[in-house]
There are 2 protein chains.
Amino acid sequence: MDSQTASCAGLLKVLSDETRLAVVRLLLEEPRRVGQLSQDLHVEQSLLSHHLKVLREAGLVETQRDGKSVLYSLSPSMRRRARGEAIDLGCCLISFAGR
Amino acid sequence: MDSQTASCAGLLKVLSDETRLAVVRLLLEEPRRVGQLSQDLHVEQSLLSHHLKVLREAGLVETQRDGKSVLYSLSPSMRRRARGEAIDLGCCLISFAGR
DNA sequence: TATTCAGATGAATGGCTGTTCATTTGATTC
DNA sequence: GAATCAAATGAACAGCCATTCATCTGAATA
């Protein structure tokens, strides 16, 4: 059980929350402001903010001031093309290929 | 926030534990008995058994009696080939393509 | 500069979850 | 059938985490 597996589990834990996963999927489409996310997901502002902090600290998302609001986007380094054998969860594929 | 996202988060939660993730990665190679897993991962029998139960109930793994021991293998339906845009966690890729 | 709007932060709380220990079940062997 | 080996189960506990509420920061506008 290498340390790589440990940190990977940690990242999966970040994504294993319904709200955070939904945020990431929305940001996979395009950047959005917090207010938009809050409306789209029907999640109260404060709670969403806490979740966004977790995503930030995990390096999954990045922020950018936009006047009064803040624009969230998926970290560019997180974008990749998948290929190779994977685990099919039905909802998504998890692949370890080439690692 | 659809119910699909909820159940997906649930499955990711199952994989977000270091021990369970390590088990799945080993079973991705080939089926193994509990004793083997326990030795390979340095995880005590009872604890491993609890984790295996979680994996079983999530439908991720299947079991097969083999004399005194039990053979665990990755559920065939979980095996797929990944392709399309994905989120790169460094340790693995998560892809939602075509869903 | 006072007010308002957008978002972040901190403390408090309740529920979930990983771990341990003791016990049990199921299958083999003596 | 008693003893042994492999794995599963249940109860108990402790630490973690999502949620809520109240408050604060920071930027725009009047």
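The chains referred to below are lettered A, B, ... by the order of the sequence lines, with proteins before strands, and numbering in each begins at 1.
Among residues two or more places apart in sequence or in another chain, the side chain to side chain contact (heavy atoms under 4.5 Å, CB included) test is passed with A:Ala82 by B:Ala82, B:Ala86, B:Leu93, B:Ser95. Listed by chain and number, the residues in a side chain to side chain contact (heavy atoms under 4.5 Å, CB included) with A:Lys53 are A:Arg56, A:Glu57 (sequence neighbours excluded). Legend: residues meeting side chain to side chain contact (heavy atoms under 4.5 Å, CB included) with A:Ser77, ordered by chain and number and at least two apart, are A:Ser75. For A:Glu44, the side chain to side chain contact (heavy atoms under 4.5 Å, CB included) partners are A:Ser46, A:Leu47, not counting sequence neighbours. Considering only residues two or more places apart in sequence or on other chains, B:Arg79 meets the salt bridge (charged side-chain N to carboxylate O under 4.0 Å, His left out) condition with A:Glu85.
Residues from residues 61-70 of chain B placing a heavy atom under 4.0 Å of any atom in DNA chain C, listed by number, are B:Arg65, B:Gly67, B:Lys68.
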Would you mind writing out the side-chain donor-acceptor pairs for residues 6-16 of chain A within the sub-3.5 Å range, not counting sequence neighbours?
| from | atom 1 | to | atom 2 | distance (Å) |
| --- | --- | --- | --- | --- |
| A:Ser7 | OG | A:Gln4 | O | 3.0 |
| A:Ser16 | OG | A:Lys13 | O | 2.8 |

Let me check something: any side-chain donor-acceptor pairs from residues 32-43 of chain A under 3.5 Å, sequence neighbours excluded? List them with distances.
| from | atom 1 | to | atom 2 | distance (Å) |
| --- | --- | --- | --- | --- |
| A:Arg32 | NH1 | A:Asp40 | OD2 | 3.2 |
| A:Arg32 | NH2 | A:Glu29 | OE1 | 2.6 |
| A:Gln36 | OE1 | A:Arg33 | N | 2.7 |
| A:Ser38 | OG | A:Val43 | O | 2.6 |

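Rounding to whole angstrom units, CD of residue B:Glu57 and P of D:dA8 are separated by 12 Å. Look at CG on A:Leu71: it is 12 Å from P on C:dA8, rounded to the nearest Å. Distance A:Arg33 CZ to C:dA8 P: 13 Å, rounded to the nearest Å. As a whole-Å value, the separation of A:Lys53 NZ from D:dC17 C1' is 14 Å. A:Leu41 places its CG atom 13 Å from the P atom of C:dG7, with the value rounded to the nearest Å. Rounded to an integer number of Å, the gap from CG of B:Leu48 to P of D:dA8 is 8 Å. To the nearest angstrom, C1' of D:dA18 lies 16 Å from CG of A:Leu15.
Side-chain N/O atoms of A:Tyr72 include one lying less than 4.0 angstrom from OP1 or OP2 on C:dA8. Contact annotation: B:Arg32 does not reach the phosphate of D:dA7 (side-chain N/O to OP1 or OP2, under 4.0 Å).
End-to-end axis angle for the helix from C:dT1-D:dA30 to C:dC30-D:dG1, using five pairs per end and rounding to 10°, comes out at 10°.
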With 3.5 Å as the limit, what N/O pairs link the protein to nucleotides 18-23 of chain C?
| from | atom 1 | to | atom 2 | distance (Å) |
| --- | --- | --- | --- | --- |
| C:dG18 | OP1 | B:Arg20 | NH2 | 2.9 |
| C:dG18 | OP2 | B:Arg20 | NH1 | 3.3 |
| C:dT19 | OP2 | B:His51 | NE2 | 2.7 |
| C:dT20 | O4 | B:His50 | NE2 | 3.3 |
| C:dC21 | N4 | B:Ser46 | OG | 2.6 |

